[in-house]
Every structure is written in structure tokens, then in C-alpha cells.
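Okay, structure first, notes after.
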There are 2 protein chains.
Amino acid sequence: MRHDSRLSRVLHALIHMDGHEGRATSETIGHMLGTNAVVVRRTMAGLRDAGYVCSDKGPGGGWTLLCPLAEITLFDVYIALGAPPVFALGLADDQPECLVEQAVNAAVGDALGKAADALMTGLKAVNLADVAHDFERRSKRLSRHRRSAA
Amino acid sequence: MRHDSRLSRVLHALIHMDGHEGRATSETIGHMLGTNAVVVRRTMAGLRDAGYVCSDKGPGGGWTLLCPLAEITLFDVYIALGAPPVFALGLADDQPECLVEQAVNAAVGDALGKAADALMTGLKAVNLADVAHDFERRSKRLSRHRRSAA
DNA sequence: GAAAAAAGTAACTATCGGAGTTACAATAAC
DNA sequence: GTTATTGTAACTCCGATAGTTACTTTTTTC
């Protein structure tokens, strides 16, 4: 596996669900994301547990957004996913008694810690309504271009 | 694989090499890092290509540091390793035409970009002499504790 | 109450990259 | 020429997400 794209995918699903009439089934969401229903259920489980969405079984069932987009930040979603590991880079721990390893890990760990802080700050600064507005901007720009090309 | 610990390990090796009399063989370095000689050679190859160390074959051969520690930053070493991927988190690219995906990826990518900037800034701010000094501080502190415990 | 539509979930496979290992070639010192 | 050493290719191992299959459970609808 190269990347963990769950955050990106779940956000994608939530924005689509906001524009969606009524409930969206896992199957529908899977098509929107280019994946399948089981992956959608698995990934959305954390959001359901956190109370941002609910799911209903049976005919007419599916996923419902329980919250205005403006009240969910990217950070909230990241936490609801279980705060998965951010970095591919890590510290060696083969010689935990070695003071050189400790000094190196303190230095690298400090830089990684600052990077993680910056990431969390960045995720807290944006809510899903911001992303939805950006989507709308992109839609309008695209239709302008289409008209002018016609 | 969980983490890429090459940066941490190479730094560990370089600090040890600075305190080492003459050349250090891959075998010796492997023991210091808790790994084996082939992994050491593979990982150090980038540093050799970048000119920070050289390696000599044959009896009496091994690795030599070519540069004062103060002239190498953590960032330099990261680049010499080939600037490996920093994040385990990534963007979805299953629906590249989808404007929702684009908006989501712009938002998440922006946060990741700021985090990467913070990481690089942190890596540039520390050179290997800083790490070596921290190692010496740790050594002194430890021997004080040992004396006072005796 | 039977059929159908949906979620929930377990279990398995695919994939990807670092790490570990083995094997062997190339080189240099003595 | 023997030995110590690097250089490298080729393979296995591991861990995590992602994909897939199969089955159970729940709920609606007829």
C-alpha cells in the first residue's frame, strides 16, 4: 500500500452526501468515490460512531448526514477515523539504550512533532462547508469555461 | 512495513562514525544500529553519492566521514537519502475529474503541504554537531547519575 | 410471512515499500 | 593468492490499506 486515503475519501463522501437528496447507500457512495460498498461501510464506521452520520438498514436505508457541514472540521473527521498514523517516516528503536540513538530520535522526533502540530492546525482551520464552497467555486468556473468554449 | 527509519538510522551511523577511530566497516556500523551490513551499505549509498562520506573496499576499508558534522543538517541527510515520502496519509485519486475530490484534495493537500514545510524547516534548523552535543550532554548526565547512585 | 434491499462483518487476497537475508562479483591490501 | 571489504541483485518477511466474497442481520414492502 502506498497511501492511506481514508481521510480524503470520507471527506469526499460527506460533501457528496450533503448535496444528495435523502439517504445515500454504500453502493451509491462507492460509485462516487470509485470504490466499493464494503470499503465505504468500513471507512464510514468511525464517523457513525462519532455521531456525524447515521446508517439505516433495509430498503430505503443508507447513510444520512446528522450535522451541518460548517460544524465539522477536517480535524474532527481525522479523529473520527481513529487518528491514523500521519507519517511514513519514523524513528529507529533497535538500540533504545544507545544515547546516540536517543539524541538522534529527539532531534528527528522534534521536527516530526512540529510537522504534526502544523498538520493538525491546518486540519482544524478548515470545515466541510469551506470545502463545499470551494467545490461550488470550481463548478461555476468550469461552467463559465464551457460556455466560453462553446 | 510500518515506518521508514532510514533517516534516523543514517544519522545514528554518522554520529557514531564521527567518534570512531579511522574507518568503520558496514559490519561495525550494522552492530551499532542493530541491523546488518547489507542494509547499512544500501542506506549509506545516497550519502556517498552526495559526498558526505566515502567507502573503500578491501582490507582496512570501510566508511569515512568527509565533512565536519557542523556542516551537515538533518535536511541535507534527508535529501541525500532521496527525499523519501514523508506521509502515510495521502490523497485519493480515483475520480480525478470529480470537482468534489479536487476540492477535498486541495484542502487536505494544503494542510499536508504546510506540515511538510514545517518538517523541512525543522530539519534544516539542526545540524549533526547539534545532535552530537546533545549526545554528550546525555552521556554526562548519565555518568553523574551513575556516580550519585554508587 | 416471504421476498428484497440494505448495513454489518469476518475472512481472505492483492499490493506496496522498507527491512532482512543470501549469494556472489569486484576490488584492494598484504 | 588469500582475505577483507564494498556493491548489488534477488529473494523473503512484515504490516497496513484496499479490494473482494460470502454470509448474517435488520427492515421495509407486498
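Among residue pairs with one or both ends in residues 36-47 of chain A, those qualifying as side chain to side chain donor-acceptor pair (under 3.5 Å) are A:Ser26-A:Arg41; sequence neighbours excluded. Listed by first and then second residue, the side chain to side chain donor-acceptor pair (under 3.5 Å) pairs that reach into residues 65-94 of chain B are A:Arg9-B:Asp94, B:Thr73-B:Asp76, sequence neighbours excluded.
The shortest distance between the side-chain N/O atoms of A:Ser55 and the OP1/OP2 oxygens of C:dA6 is not below 4.0 Å. Within the 4.0 Å cut-off from OP1 or OP2 of D:dT5, not a single side-chain nitrogen or oxygen of B:Thr25 is found.
Counting to the nearest Å, the C1' atom of D:dC13 and the NE2 atom of B:His3 are 18 Å from each other. Straight-line distance from the NE2 atom of B:His31 to the P atom of D:dT5: 12 Å, rounded to whole Å. Rounded to a whole Å, the CZ atom of A:Phe87 is 16 Å from the P atom of D:dT17. Here C:dA6 presents its P atom at 12 Å from CG of A:Asp56, a figure rounded to the nearest Å. As rounded to whole Å, 12 Å separates atom P of D:dG19 from atom CG of A:Asp4. Across the protein-nucleic acid pair, A:Leu89 atom CG and C:dA19 atom P stand 10 Å apart, rounded to whole Å. In this structure, B:Ile29 places its CD1 atom 15 Å from P of C:dG20, rounding to the nearest Å.
Nucleic acid contact for B:Arg9: sugar-phosphate only, since backbone atoms but no base atoms lie under 4.0 Å from a heavy atom of the residue. Counting any heavy atom pair closer than 4.0 Å across all strands shown, A:Arg23 reaches no nucleic acid atom.
Checking side-chain atoms of A:Asp18 against main-chain N and O of A:Ile15 turns up no donor-acceptor pair under 3.5 Å. The backbone N or O of B:Ser5 lies less than 3.5 Å from no partner atom in the side chain of B:Ser8, so there is not a single donor-acceptor pair. Remark: side-chain polar atoms of A:Thr35 are not paired, donor with acceptor, to backbone N or O of A:His31 under 3.5 angstrom. Side-chain atoms of B:Glu101 come within 3.5 Å of backbone atoms of B:Gln95 as a donor-acceptor pair (strictly under, hydrogens ignored). Although no hydrogens or angles enter the test, the distance criterion places no donor-acceptor pair under 3.5 Å between the side chain of B:Thr28 and the main chain of B:Ala24. B:Asp110 places no side-chain N or O within donor-acceptor distance of the main-chain N or O of B:Ala107, the cut-off being under 3.5 Å.
Put simply, B:Val38 and B:Leu33 are part of two different groups of oily side chains (I, L, V, M, F, W, Y) that touch within less than 4.5 Å, one to the next.
Between its two ends, the helix from C:dG1-D:dC30 to C:dC30-D:dG1 turns its axis by 10°, counting five pairs per end and rounding to 10 degrees.
Results of the side chain to side chain contact (heavy atoms under 4.5 Å, CB included) test with A:Val131 over A:Leu14, A:Leu69, A:Ile72, A:Leu74 single out A:Leu74 as the only residue that passes.
Annotation: the span from B:Leu47 atom CG to B:Tyr52 atom OH amounts to 8.0 Å, rounded to 0.5 Å.
Checking D:dG7, C:dA19, C:dT9 against the side-chain heavy atoms of B:Trp63 singles out D:dG7 as nearest.
Taken residue by residue, residues 32-44 of chain B places heavy atoms nearer than 4.0 Å to DNA chain D at B:Val38, B:Arg41, B:Arg42.
Under the side chain to side chain donor-acceptor pair (under 3.5 Å) criterion, B:Arg138 pairs with B:Asp134, sequence neighbours left out.
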Under 3.5 Å between N/O atoms: give me all the protein pairs with nucleotides 28-30 of chain C, atom names plus distance.
none

